[in-house]
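The block underneath contains the structure these notes are about, expressed in structure tokens.
Reminder, nothing fancy here: chain letters follow the sequence lines and each chain counts from 1.
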Number of protein chains: 2
Amino acid sequence: MAQTTGMERLAADVADGKRRALARAITLIESQKPSHRTDAQALLGHLPKGRQALRIGLSGTPGVGKSTFIESFGMFLAEQGLKLAVLAVDPSSARTGGSILGDKTRMDRLSRHPNAYIRPSPSQSHLGGVGRRTREATMLCEAAGFDVVLIETVGVGQSETMVAGMTDLFLLLMAPAGGDELQGVKRGIMEMADMILVNKADGDLKPVATRTCADYAGALRMLRKRPRDPEGFPKAMMVSALAESGLDAVWADIQTLVKWRRETGVWDAMRSDQALGWMRDEVHSGLLAALQNHTKAGAVYAQLEADVRNGALAPSAAADAVLQAFAHNED
Amino acid sequence: MAQTTGMERLAADVADGKRRALARAITLIESQKPSHRTDAQALLGHLPKGRQALRIGLSGTPGVGKSTFIESFGMFLAEQGLKLAVLAVDPSSARTGGSILGDKTRMDRLSRHPNAYIRPSPSQSHLGGVGRRTREATMLCEAAGFDVVLIETVGVGQSETMVAGMTDLFLLLMAPAGGDELQGVKRGIMEMADMILVNKADGDLKPVATRTCADYAGALRMLRKRPRDPEGFPKAMMVSALAESGLDAVWADIQTLVKWRRETGVWDAMRSDQALGWMRDEVHSGLLAALQNHTKAGAVYAQLEADVRNGALAPSAAADAVLQAFAHNED
């Protein structure tokens, strides 16, 4: 009971916009400890319902200027009085031990702005955990009253799919490039993007950026129209994070897109689908965890794996045996 | 007991290479009926162990000449005395009701050759079911003594990943095309391919095919070397299914690749990984089926979905409730 009261208070503090409470809450949901998970569930249950931030996914391979863009675009929003939270999804950090937002000095001005909150990604994580953690951190930021939650990821594929599955719109930041290099965009990622932003459209690179932008615009026109898009979307446009140009146009287009989706019901439908998808994912991983923790089924699994590996047992027969051990709930 | 004996006999007939038994066995494993599934497991359990066919995955978008290639290449193998089975993975058939191998007249000569066996894909199926069915059909064909099992799929992405995950090597059939169209190959699919075959390298298209092949060869060189490849692989080469040219070179390269993989242990490692992956997939889908069939958990799931859909309940809380209902095994 004391536990729950503690979480009620923490939820209220988060809802009041207290930064230290938000930081503590995110640390809690990032923890894998079972008792912390219980607390985290209680915390999430006590959050006020109905507050929605605009959730923006942002991807781009290293070198395209993501940090500079987030800093410039974030400052542009913050200066307008909008409250912005920046989260990071970085599955690679589990391997490298690095962290794409580990160093707040990457976004020096933004990190000191009172309207902005930047949360570095923890260095140890598996992709499944990253998904849950980022979704829950987003919920916390929404409850804390942020207007925009920007989720940054690296351009490696699987994490893009995940981030696109938990955001309202998806921005792809690209560098100016020659024709051949255009092939470098994975088609699947291009199909996720609502807007492709060709960065570094300044100085000597401006002409290349103009051509690159036209190429991407052409490529986008070749993709089939998605039911979630108004006329003219997805689109490609030029920005310069360094010169801080084009940011107003990006924000205007984002608002056009959001307005259209809200009016047509697409927004709500996407949110519902994402929530149901999240529920499904949690059920899946919960079932697998239950199986792994099931003394008998876990043992049978480990034992039969060897037989399957060397071809002595058909995989489907092994799976059947595991499932039967699990069904006989003699734990 | 009589049941099992029946399956023992069927397994023996399949192992003796009796075509009618093989057809009956595949029909059995394609069935979703629970009693048929039990029989199918018994059947698979009675198959002789240790017979391995060369499992080849083949993909290519409509229009590249897949049927003509399979007919030509299949005849080339069959005429050498090799026994060839052709299976199809067509997830689109679930939507369209069509079937990519539904009409054996597509491969008229091959379907009448005594060394060849062509199995049309059933018209109703979901992708998960397609995976299990194709793996089990492959097991049956291996037990029946086929030397090569060729699994054909359409170039749509998800089915390629699945087929690449159940075959020893993966061929990608492409049409001759101009530079711009090269972008049409999904990068992920190109990364799966062991050999890219540029078809229609005959008549007027020969020069275009030559250029296309050089382009793909260049693109393949840009990809990182995979540990499963000897020097020179993955490679791009030209064929003409119509003129039946280049088929001997394709077969020679396949044999080079197979020999290298066998000698280096890559072959066995890939087979083991695939078997373990199959076991894992079966356990996953079995767990989900158990949840769906669990009276209480199934009801809780259906009930809470509505709350999650309209945002009244956090997805993770709903998932927790479902998992708890499932854990209290009061069925």
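Contacts of residues 136-145 of chain A with chain B at a heavy-atom distance below 4.5 Å involve A:Glu136, A:Met139, listed in sequence order.
Contact of B:Leu44 with chain A is made through the side chain alone, with heavy-atom distances under 4.5 Å. Contacts between B:Ala297 and chain A at a heavy-atom distance below 4.5 Å are absent for every atom of the residue. Looking at A:Ala312, the atoms closer than 4.5 Å to chain B (heavy atoms on both sides) all sit in the backbone: N, CA, C or O. Heavy-atom distances place both the backbone and the side chain of B:Ala275 under 4.5 Å from chain A. For B:Val283, the parts sitting under 4.5 Å from any heavy atom of chain A are the backbone and the side chain alike.
Distance check: B:Arg37 CZ to A:Ser316 OG gives 7.0 Å after rounding to the nearest 0.5 Å.
Counting heavy-atom pairs closer than 4.5 Å to chain A, the top residue among B:Asp268, B:Leu291, B:Leu323 is B:Leu323.
For residues 273-283 of chain B, the pairs satisfying salt bridge (Lys or Arg N to Asp or Glu O under 4.0 Å) are B:Arg132-B:Glu282, B:Arg135-B:Asp281, with sequence neighbours left out.
Proximity of B:Trp278 to A:Val308: side-chain heavy atoms (C-beta onward) are nowhere separated by under 4.5 Å. Counting heavy atoms from C-beta on, the side chains of B:Pro315 and A:Leu276 never come closer than 4.5 Å. Residues B:Met279 and A:Glu305 meet the side-chain proximity criterion, which asks for heavy atoms closer than 4.5 Å.
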